[in-house]
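Take a look at the structure set out below.
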Amino acid sequence: MVDRDLVITNDEEMRKNILRRLRRIEGQVKGIQRMIEERKPCQEILTQVAAVRAALNTVGTMIFKNYSVECLREASLEQQQEKIEELMQVFLRFTR
C-alpha cells in the first residue's frame, strides 16, 4: 500500500519548478486545442502532442524522484523492503 501522506516536496524551489512546468504544459495543451480548431496539419499537431508527452514525463520523473527519496528517508530499516516494493508499484504505474 502506498503512503498517501507524503507531500510532493518539502523543497519550495522544486515545488515552484514543477508548478511552472505544469502551467507551461497547460498552455501547450490549449495550443493543441487551438491548432485543431484552426485545422492545422496533423503532423504539426502530433509534434506538439509529443512535446506535451515528453514534458509530462519530465514532471512525472521529478515527482517520482522526490517521492522515492522521501519514502525511503522516512522508512526504518525494517520498513525499507516494504517501501521499495511500494516504490516499484508506483514506478510501474507511472511507466505504463
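- Counting only residues at least two apart or in different chains, ring pair (Phe, Tyr, Trp, His ring centres under 6.0 Å) contacts with residues 15-36 are absent.
- Contact between R96 and L92 at its shortest, heavy atoms only, is CG-O, 3.1 Å.
- Contact annotation: the side chain of T58 approaches that of M62 to within less than 4.5 Å [non-hydrogen atoms, C-beta and beyond].
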Atom pairs and distances, side-chain donor-acceptor, residues 16-28, under 3.5 Å, sequence neighbours left out:
{"residue": "N17", "atom": "OD1", "partner": "R21", "partner atom": "NE", "Å": "3.1"}

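- Between N57 and F94, the shortest heavy-atom contact is O-CZ, 3.7 Å.
- Annotation: the span from I63 atom CD1 to S68 atom OG amounts to 11.5 Å, rounded to 0.5 Å.
- Under the 4.5 Å side-chain heavy-atom criterion for ILVMFWY residues, no single connected hydrophobic cluster contains both I36 and L46.
- Note on residues 20-42: no pairs pass ring pair (Phe, Tyr, Trp, His ring centres under 6.0 Å), not counting sequence neighbours.
- The ring pair (Phe, Tyr, Trp, His ring centres under 6.0 Å) contacts involving residues 18-65 comprise F64-F91, where partners must be two or more places apart or lie in separate chains.
- Interatomic distance, CG of L87 versus CD of E82, reported as 11.0 Å (0.5 Å rounding).
- Heavy-atom minimum distance, V29 versus V52: CG2-CG1, 4.0 Å.
- Residues in residues 32-48 take part in no side chain to side chain donor-acceptor pair (under 3.5 Å) pair, two or more places apart or across chains.
- Residues passing the side chain to side chain contact (heavy atoms under 4.5 Å, CB included) test with V69 are R73, sequence neighbours excluded.
- Put simply, CD on E86 and CD on Q79 are 9.0 Å apart, with the number rounded to the nearest 0.5 Å.
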